[in-house]
Amino acid sequence: MRDPSSTASRRAPLLLALVIGLLGVALLVVNEHTDWLELRPASGTATAMSLAADRAPAAETARR
């Protein structure tokens, strides 16, 4: 009968290599698609409020 601890000890480096490989691929994908990390408004109302906050109010613009 096989020793279960030897099976676990053989799988650990393989799982570690798999995790490191997946993290490497994730890093490369995120590096190419940095726009995926931008926070964007989730609805039309939120978009309108965001755009309104970016623009200076007309009264302030007239004073300058």
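Not measured: the values here are computed from a predicted model.
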Task: For Ala48, side chain to side chain contact (heavy atoms under 4.5 Å, CB included) partners two or more places apart - done: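 Scan of Ala48 (side chain to side chain contact (heavy atoms under 4.5 Å, CB included), adjacent residues dropped) gives none.
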Open item on the list: Please enumerate all residues that pass side chain to side chain contact (heavy atoms under 4.5 Å, CB included) together with Asp35, with sequence neighbours excluded.
Closed with: His33, Glu38
Kindly give the cluster partners of [X], where membership spreads through any ILVMFWY side chain lying under 4.5 Å from a current member.
X     : value
Trp36 : Val25, Val29
Met49 : none
Leu23 : Val19

TODO: Give a yes or no on whether the backbone of Ala46 and the side-chain of Ser50 come within a donor-acceptor separation of less than 3.5 Å.
DONE: no
TODO: Sort and list the pairs that fulfil ring pair (Phe, Tyr, Trp, His ring centres under 6.0 Å) and have at least one residue in residues 9-28, not counting sequence neighbours.
DONE: none
